[in-house]
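Report on the structure given below.
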Protein chains: 2
Amino acid sequence: MTTEINEREQTLLKMLIESYVRDGQPVGSQKLARDSRLNLSPATVRNIMGDLEALGLVSSPHTSAGRIPTDKGYRLFVDSLLTVQSLDNDEVQRFKQEIDTDESVEVLIERVSSLLSGVTQMAGVVVAPRREHQVLRHIELLPLSDNRILVILVMDKQEVQNRIIRTAHAYTPSELQQVANYLNASLSGADLQTVRNRLLADMRETRSRMDRLMQRALDMAESVFAETAALDDCVIAGQTNLMEFSELSDIDRLRSLFDAFNSKQQILHVLDQCLGSPGVQIFIGQESGYEPLNNCSLVTSSYGVNNRAIGVLGVIGPTRMAYDRVISIVDATARLFSAVLNQRH
Amino acid sequence: MTTEINEREQTLLKMLIESYVRDGQPVGSQKLARDSRLNLSPATVRNIMGDLEALGLVSSPHTSAGRIPTDKGYRLFVDSLLTVQSLDNDEVQRFKQEIDTDESVEVLIERVSSLLSGVTQMAGVVVAPRREHQVLRHIELLPLSDNRILVILVMDKQEVQNRIIRTAHAYTPSELQQVANYLNASLSGADLQTVRNRLLADMRETRSRMDRLMQRALDMAESVFAETAALDDCVIAGQTNLMEFSELSDIDRLRSLFDAFNSKQQILHVLDQCLGSPGVQIFIGQESGYEPLNNCSLVTSSYGVNNRAIGVLGVIGPTRMAYDRVISIVDATARLFSAVLNQRH
DNA sequence: TCTAGCACTCGGATATCGCGAGTGCTAATA
DNA sequence: TATTAGCACTCGCGATATCCGAGTGCTAGA
């Protein structure tokens, strides 16, 4: 059931939210009547407010204060009242400069995160690219002592991963070389997801042919890529910006929020939901379903390579935020970041 | 000039601090007279307090409140009044269990940091081991495309570092193998500090002999180890614990403290000062010389391998903390951590 | 359907008061 | 001389009272 409201009500709700976002003060009927160009008396506005309150779009903190938007009010506003101003070109250029460096992806993520926080004065967050979507370019195996093998996965241009695995069998260097050659031939160029699938298929197929070395090679590979599914990490910048907002300033709320940031788990979970859908997504207040984020909104967008989403970035701030601005900032940043990643292949 | 105070004054100052640390309330003459077993009247205690205040060891927040310790008071307390109770053996065992796992050093550092914060209910901090002191075990060189070479430094058992360098000259795989062999022969087993020194010496010496390949090898190695001096990092856990303390609860102070934690630079600088001296070190309030740490104390100890300090760990909390307990905790933790690192070689 | 008018409500700012804990000083005491 | 009892004084804190103004809901009239 969509809550239908007429044009005049829309105008007023919009003005109310814009005013409240600007000043942080509950908005009274008088002010609203004056500011809107509708030539309505305060009394009329009051009536309308009464209706909006009945619909759950606004509420008043107490009897003799003005109205403030509810989560539902913000939702309606964001969905159908908002006029997103696209970003100033100069500003986009500034962002681009900030982001477009040839540092490692990790550093880049930090940059993007603090760009978001810096420019919005709220908390910026970037979920690291899902490992599964990274392309494997090269595998190298080095023997260490005690049946331990150092596995080096060369991924993207700037990206290298090491893993140390233990094997039951002690390989000779030349055996290892053979194994590496085989794995390189059959796996390089694929993303980790594919790699794992292909491995499983190979294992089933080879099992019958009983080539002992191959068998072992696959076992080993399996144990390497098993841990590939490791949880993604996310980088949050500018947490302390949130201390400025009076609506979050009670110490307990703030603490639970910061604890949430530190553990990251739940945050990640919320953000993961955005990975599927394209474009900017918004969670308002309780919508995230995660208690410490009450009174907070999340504006996110996924970013990716080759039109495939591999991560999510966005901004966390109080529900009372300038959605138009934030949306365009998040959108632009996601596009820029995707572009930078793309151009690295 | 040391501020000399007589035994009775010492007793009272000690009691005052212990009481204040416990309750967080300014301590009045009456309470102090009653609690101390000195059989003094409140009036006498007041006189003594007057003296201590004149010496700058205590102060009163306002006329009609009791006294609280000053930084200088805490300092005297810590230096000569404190009786450090050594840690309960059970507790030490618990710590040991927490720490003594065979995870990577990075994870270990996280563990130690949150152990410290968890057990003290303040912020725990661990400065990562200085890279220079790690021992190099093995070097491997892998050619990538475009004159880029992947350098793999196998350090400690669990520790591997990668670096990608660009070279002017394109090496053939066999040349690279040769270079690697040479570097392994001459460098492995030394710590990075030594490695760098040895490299410089070699370069000077070889320059005359003009072996082109060697020359290039050394150039390359030089460019690898140049960046070794990279800034150390530190891990801070349990920041949010500090939100509980009323003396830090004004939002601006808290914010500047958290900002300090995030940038880490200054914190690191303060902590680095502890690297030199052995045993537990303490900075009280302003002593750190770093503004956001006013009202905070730092209790640290260095840890190391083979009796050589390679890092610092400790606790950050309000000046009003239970120094005796914290000192023994930090001390024990540093010893345990050193032991764990040692046993890994 | 809108608006003017009006009584009412409530939060926030400000002022006042009393209490109690604690001080500093002085004079008496051991 | 060092300690103590006594006393006047100070000050922060919490409770209470008061006022003001912004804003509301309702009703009746345009």
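Every chain is numbered from 1, with letters handed out A, B, ... down the list of sequences.
At a non-hydrogen distance threshold of 4.0 Å, A:Thr63, A:Ser64, A:Ala65, A:Gly66, A:Arg67 from residues 63-71 of chain A come into contact with DNA chain D.
In this structure, A:Thr44 does not reach the C:dC2 phosphate: none of its side-chain N or O atoms is under 4.0 Å from OP1 or OP2.
Considering CE of A:Met122 and CG of A:Leu116, their distance stands at 9.5 Å, rounded to 0.5 Å. How far CG of A:Asp252 is from CG of A:Leu257: 12.5 Å, rounded to the nearest 0.5 Å. Atoms OG and CG, on A:Ser302 and A:Asp272 in that order, are 11.5 Å from each other to the nearest 0.5 Å. The distance from the CZ atom of B:Phe261 to the OG1 atom of A:Thr240 is 12.0 Å, given to the nearest 0.5 Å.
Side chain of B:Lys72 to backbone of B:Leu55: a donor-acceptor contact under 3.5 angstrom is found. Within the 3.5 Å criterion, the main-chain N or O of A:Leu293 finds no donor-acceptor partner in the side chain of A:Ser288.
Separating the CG atom of B:Asn47 from the P atom of C:dA27 is a distance of 15 Å, rounded to the nearest angstrom. The interatomic distance linking A:Leu40 (CG) with C:dT3 (C1') rounds to 10 Å, in whole Å. In this structure, A:Leu38 places its CG atom 17 Å from P of C:dT1, rounding to the nearest Å.
Toward the 5' end of DNA chain D, the nearer of the two residues A:Ala43 and A:Lys31, judged by each one's closest nucleotide, is A:Lys31.
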task = Tell me, with the steps shown, if B:Asp259 and B:Arg255 meet salt bridge (Lys or Arg N to Asp or Glu O under 4.0 Å).
result = CA-CA 6 Å; B:Asp259 280 338; B:Arg255 171 160 189 178; 3.5 Å; yes
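Counting non-hydrogen atoms of other residues, nucleotides and ligands closer than 6.0 Å to CD of B:Glu7 gives a total of 12 or fewer.
Interface limits on DNA chain D: the 5'-most and 3'-most nucleotides within less than 4.0 Å of chain B heavy atoms are D:dT3 to D:dG12.
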